[in-house]
Chemist: 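Take a look at this one; I'll ask things after.
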Amino acid sequence: MHDEPAPPRADPAPPHADPAPPHEPPGGPAPRDASGGATASDYLRLLVGGAPAEAFDGPTTPDRLLALRLRAELEGRRRREAELTALIETAHDLAGLRDLDAVLRAIVQRARSLLGTEVAYLTLTDPERGDTYMRVTEGSVSARFQQLRLGMGEGLGGLVAQTARPYVTDDYFRDSRFQHTGTIDGGVREEGLVAILGVPLTLGGDVIGVIYAADRRARVFEREQIALLSSFAAHAAVAIDTTRLIAETRAALAALEATNESIERAGEVHDRLTELVLRGGGVADVAAALSHVLDGPVEFREPEDATEAVERSAREGHAVRATGGAGASRAAGAAAEDGEWAAAVAAGGELLGALVLHGRPALDPVDRRTLERAAMVTSLLLLARRSAAEAEQRVRGELLDDLLDAPERGPALLRQRAALLGADLDSPHVVLAARPEHHEHRGRRGQGDGRQRLWSASSHLAATAHGLAAARDGGTVLLLPLPAGATPGDLARRTAAQLGAAVHAPVTVGAAAPVAGTAEVAARYAEARRCVDAMRLLGRDGEGAAAEDFGFLGMLLADARDVTGFVRRTLGPVLDYDDRRGTELAATLAAYFDSGMSPVRAKDALHVHVNTVAQRLDRVARLLGDDWQSPARALEVQLALRLHRLSGAFDG
């Protein structure tokens, strides 16, 4: 039994999720191979065709396990889509609200269906009697239960109403956290309920009722289910508030003709917001529609930009006006003079942002409720976007994990999965290892937050670049397409800058040589990690680089010893000059270093005048740069000359 929602568990799909419609996969039952099992392509066709679970029966093979895993993920996504659709449909019902009982019944019915419970019901608070009474039931068979009244603190519902917090019990009659009474226990026993989840219906900080989901068997309610029922509770509270508001407005119409215009504007914004939700509009669309209806500019503010008014709106559950009283900041005073109103955009206690209206010193009740409802619609849109993004991040991460851990299991299937995400694994890609800045003084929680921010930023970057990202080894690994004309080092530096800006902290990124296909991704990741380790040892935290950027050290970091590439990167301009002009700059360099960097001794080895040696060295400086004789550059030049000499390119 838990007072707080339990942490989410990675269930492939809840038992109540609607199964895929039973039908034969395209082309009939999946053919079998020599061992009696289906091939990877067969399983893919079953997944695309939405085949039922029994169609995947067969010997336990990696392909079958992967197919079942993908099917579970697809079922989970269908379930989340169904939940979001139900929430959007409920918002649509509120826009055309006429009958409170009809809307409350729809909310309870949808809650019962999506949570997969046997019973769902809703109670409302009676302010005069100081208790709650049953208003709507779905799935109930007991007349005694349907007529129950619960005093504050009595039964699970009375405890929810008294504390304004969700409560869940796995076994009602064994739960001692709330007061048991003979009347309530008798009704619950007659209904046969065992597991009950109750969440409060709050309005302006007051509990106006409770919505429940219950089963006649022991059951554990997950955090997502508690959040979903809380969303329905918010809709139910809005329905009740809207009904009361409409009644007040109708009463005022007899005396105030101007109120009619406000109601028309409210209806207009309801219609607009509903249309936006149905057609998949964004937050900017909501702000634009609201600006037109409320005759004032409306902006969306991110949570990190929250003002005192936004925080107050989140606490009170209403749109509030910015105040500029004694002790207020200069910004708060300016906002108050501007006539600024803020409506917090929140879900499940989390602040997602705020809608801020400017230029309205006063708001009538209808416009104020309109601003609040727009904030609720905005929260639905943001939750839908987050849900879709998290699902895609998981799929991309799982695919990259498979490329790193088991690329040989099914290259064709891996390519097909990548294509569904917009990634072409046969084009040149670069494996990058990203590590956040390490702080010894940070606690475990601080390091965990930094890694989570890095994972989120990496996932966003991979999605926008049509690549893949996964969390691994205390950081992230990315597989990104190599832009035309760019090098792995260029991509590493760009990625380090983008991730560092996103997480507001230095991020070190190492890149490997380009790869195409699925076979060498794991080896390239090991190379990228060595680059990261080398940069940290060299004091280059927060930078990006590839093995080729480390000179001769890069040959040690890379899996493939690219001797020719190293020689070309180090001596390319000199070798090209010799080829074009028929000169002997490379041979002169070799003699110069063999003679202890003495032009006089070098001229004896070359049998030329010392001025000729000096002229050739001046030409080398113009080709390689004035720092070619610095200790680090000189070491690389000598090594490149020796490797070039071993290739038989010249005698010296």
Side-chain angles (χ1 to χ4, degrees), residues 485-494 496 510-514 527 530-652:
T487 67
D490 296 334
L491 186 58
R493 285 182 283 276
R494 185 186 313 164
E527 179 181 331
R530 289 195 292 271
C531 285
V532 171
D533 294 339
M535 280 189 286
R536 287 186 164 178
L537 289 173
L538 295 173
R540 295 175 59 181
D541 286 316
E543 299 182 20
E548 62 187 25
D549 299 321
F550 289 90
F552 72 90
L553 179 60
M555 291 193 301
L556 303 178
L557 298 175
D559 287 323
R561 303 294 183 251
D562 185 12
V563 174
T564 301
F566 169 69
V567 172
R568 291 297 308 170
R569 288 192 296 272
T570 307
L571 295 175
V574 170
L575 300 177
D576 292 340
Y577 191 89
D578 282 348
D579 290 341
R580 290 194 309 269
R581 304 292 184 90
T583 54
E584 297 182 355
L585 297 183
T588 301
L589 274 175
Y592 175 67
F593 283 116
D594 289 344
S595 301
M597 303 178 71
S598 168
V600 175
R601 288 195 292 271
K603 63 99 175 173
D604 295 334
L606 295 169
H607 306 292
V608 297
H609 194 275
V610 68
N611 290 340
T612 301
V613 175
Q615 292 171 0
R616 291 178 180 178
L617 295 180
D618 286 341
R619 175 64 62 181
V620 168
R622 288 195 292 272
L623 293 172
L624 299 184
D626 293 336
D627 65 336
W628 72 275
Q629 294 192 76
S630 65
R633 288 289 305 279
L635 178 61
E636 291 190 358
V637 171
Q638 292 181 71
L639 178 59
L641 286 168
R642 290 182 180 275
L643 293 173
H644 189 56
R645 180 184 299 174
L646 290 175
S647 69
F650 66 90
D651 296 326

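Hydrogens, waters and symmetry mates are skipped; everything else that's a heavy atom, side chains included, is used. Throughout, numbering of the chain's residues begins at 1 and tracks the sequence.
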Chemist: Any idea which heavy atoms bring Pro488 and Pro514 closest together, and the distance?
Modeler: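 Where Pro488 meets Pro514 most closely, the heavy atoms are CG-CD, 3.7 Å.
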Chemist: I need the minimum non-hydrogen distance between Ala545 and Cys531, along with the two atoms involved.
Modeler: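 So the two residues come closest at O-CB, 4.4 Å.
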Chemist: If every non-hydrogen atom of Ala586 is compared with every non-hydrogen atom of Asp578, which pair is closest and at what distance?
Modeler: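 Ala586 and Asp578 have their closest heavy atoms at N-OD2, 3.0 Å.
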Chemist: Keeping the roles fixed (side chain from Glu543, backbone from Arg493), state whether a donor-acceptor pair exists under 3.5 Å.
Modeler: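 Judged by distance alone, no pair lies under 3.5 Å.
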Chemist: Main chain of Ser595, side chain of Ser598: is a donor-acceptor contact present, judged purely on distance under 3.5 Å?
Modeler: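 Looks like no, no N/O pair under 3.5 Å.
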Chemist: Can you establish whether the number of heavy atoms outside Gln629 located under 6.0 Å from its atom CD is more than 12?
Modeler: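 Atom CD in Gln629 is crowded, with more than 12 foreign heavy atoms closer than 6.0 Å.
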Chemist: Without hydrogens or angle criteria, can the side chains of Asp490 and Thr487 be said to hold a donor-acceptor pair below 3.5 Å?
Modeler: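 The criterion, which ignores hydrogens and geometry beyond distance, is satisfied for Thr487 and Asp490.
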Chemist: May I have the list of side-chain donor-acceptor pairs in residues 609-626 shorter than 3.5 Å, sequence neighbours left out?
Modeler:
residue, atom, partner, partner atom, Å
His609, ND1, Asn611, N, 2.9
Arg616, NH1, Thr588, OG1, 2.9
Arg619, NE, Tyr577, OH, 3.4

Chemist: What are the two closest heavy atoms between Gly489 and Ala546, and how far apart are they?
Modeler: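 In terms of heavy atoms, the two residues are closest at N-CB, 3.6 Å.
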Chemist: Evaluate the ring planes of Tyr592 and Trp628, with Trp represented by its six-membered ring, and classify them as parallel (under 30°), tilted (30 to 60°) or perpendicular (over 60°).
Modeler: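 Rings of Tyr592 and Trp628: tilted, 30 to 60°.
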